[in-house]
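Down below is the structure, laid out as structure tokens.
Throughout, protein chains are lettered first and strands after them, A, B, ... in sequence-line order, and every chain is numbered starting at 1.
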There are 2 protein chains.
Amino acid sequence: MTQSLTLHKDLRQNHRKLTRARQAVLAIVTDAQRHLTPAEIYRKAKIKYPHLGLTTVYRTLDLLAELGYIQRVHAVEGCHSYAPTAQTHGHHLVCATCGRAEEFTDCDLESLIQSLQVRTGFEINVHMLELMGRCPDCRAPARARKRKTPRGKA
Amino acid sequence: MTQSLTLHKDLRQNHRKLTRARQAVLAIVTDAQRHLTPAEIYRKAKIKYPHLGLTTVYRTLDLLAELGYIQRVHAVEGCHSYAPTAQTHGHHLVCATCGRAEEFTDCDLESLIQSLQVRTGFEINVHMLELMGRCPDCRAPARARKRKTPRGKA
DNA sequence: GCGTAATTGAAAATCATTTTCATTTAGAAA
DNA sequence: TTTCTAAATGAAAATGATTTTCAATTACGC
Ligand SMILES: [Mn+2]
Ligand SMILES: [Mn+2]
Ligand SMILES: [Zn+2]
Ligand SMILES: [Zn+2]
């Protein structure tokens, strides 16, 4: 079943409608190879559906995240970009240089969470894990350049 | 050595000054039992040092985070609160109800990171991990009441 | 097709953060 | 001490992101 059809079903269950705006926004985030900010999503989706408004993009991102079709991405600098959800319970590995986001699902925090629950008395029910670094593409040129670059401060 | 003295030394090394504003902001974040937003920090610090300006709070939070005295906290809903740093490389366990933040240091992500590096070709150099739930104090009254809302998944 | 609740987009409002700039201050040097 | 100056400050304005409002439009169950 196509993603759009699944979405249609999910929406119907909540008395909500499948609109052109929603389809456009979902398509942009889903097809992106990187996490995108609301403004970026607006710009791209507007090409496919020029009537679209920014307000609707914000509302749609909230909705799609609630339904689990996309995920909010937090980074050390800069919050609230969005990336597609491949599976439930995914985390992101984000390239700090180009923004490319890779999803992974084997976060394996169970034993850490279990021991922290015991130690602190907290009940832990949500976790946020994000890894940042440089993707293979962005590493290559940097490695080549590194040799030539004279010493200096950042 | 007191924290304020350590800070004085750190600042001096960078040709920076220990000001009343900086002392006030650091004291508020350090003594807090919960993570605080810039606006909250401003309100509280202004009581101790009424001349303080909000602009300075923002600048000071950046500075103290850079120096490692405090840490930015991201949460699923709401970003950019600040909590004190107990040790370097700490993570936070935050109570979703009252905001109380517990720091922990044994995140133990090395093997996950190592295997992801191999699998994806990314070079991973930063990670963000935050756990959310309910602290012992906030659990007690909730447990007494009948729970109607199922907990969400991470 | 009709009726209606849900959705939309433009504009305005709100809220968080940053920039600007004239003034003040910390602290090193005299 | 007093002097000197780079660093820091705070008020106000500017910027940017997000939310609210509201009249008009649209999806879709009937
Ligand atoms: Mn996980
Ligand atoms: Mn964040
Ligand atoms: Zn990259
Ligand atoms: Zn609590």
Can you check the A:Gln13 CD to C:dA6 P distance for me, whole Å? 16 Å
Round to the nearest Å and state the distance from A:Leu7 atom CG to C:dT7 atom P. 11 Å
Please write out each protein N/O paired with an N/O of nucleotides 28-30 of chain D under 3.5 Å, distance rounded to 0.1 Å.
{"unit_1": "D:dC28", "atom_1": "OP1", "unit_2": "A:His8", "atom_2": "NE2", "d": "3.0"}
{"unit_1": "D:dC28", "atom_1": "OP1", "unit_2": "A:Leu18", "atom_2": "N", "d": "2.9"}

Working to the nearest 0.5 Å, report the span between OG of A:Ser81 and CD of A:Gln71. 12.5 Å
Charged N to carboxylate O below 4.0 Å: is that the case for B:Glu102 and A:Arg119? no
Can you establish whether the number of heavy atoms outside A:Lys44 located under 6.0 Å from its atom NZ is more than 12? no
To the nearest 0.5 Å, what is the distance between OG1 on B:Thr30 and OH on B:Tyr69? 10.0 Å
Would you say B:Arg22 reaches D:dT9's phosphate, i.e. side-chain N/O to OP1/OP2 under 4.0 Å? yes
Would you mind reporting whether B:Asp108 and A:Leu112 have side-chain heavy atoms less than 4.5 Å apart? no
Using heavy-atom distances to pick each residue's nearest nucleotide on DNA chain C, tell me which of B:Cys79 and A:Tyr49 is more 5'. A:Tyr49
Output the rounded distance in Å from CG (B:Leu63) to C1' (C:dA26). 15 Å
By a strict heavy-atom criterion of less than 4.0 Å, which residues belonging to residues 50-60 of chain A are in contact with DNA chain C? A:His51, A:Leu52, A:Gly53, A:Thr55, A:Thr56, A:Arg59
Just the rounded figure in Å: distance from P of C:dG27 to NZ of B:Lys9. 15 Å
Atom-pair distance (OH on A:Tyr42; P on D:dG16), nearest Å: 16 Å
Starting from C1' on D:dA27, measure out to CG on A:Asn14 and report it in whole angstrom. 16 Å
Whole-Å distance separating the CZ atom of A:Arg43 from the P atom of D:dA17: 10 Å
Please report the closest heavy-atom contact between A:Cys138 and A:Cys95, naming both atoms and the distance. SG-SG, 3.8 Å
Can you check whether A:His127 reaches A:His91 side chain to side chain, under 4.5 Å on heavy atoms? yes
Heavy-atom pair of closest approach, residues A:Leu36 and A:Glu40: CA-OE1, 3.2 Å
Could you grab the distance from atom CG of A:Leu131 to atom CZ of A:Phe104, nearest 0.5 Å is fine? 4.0 Å
How long is the line joining CD of B:Glu66 and P of D:dA8, in whole Å? 11 Å
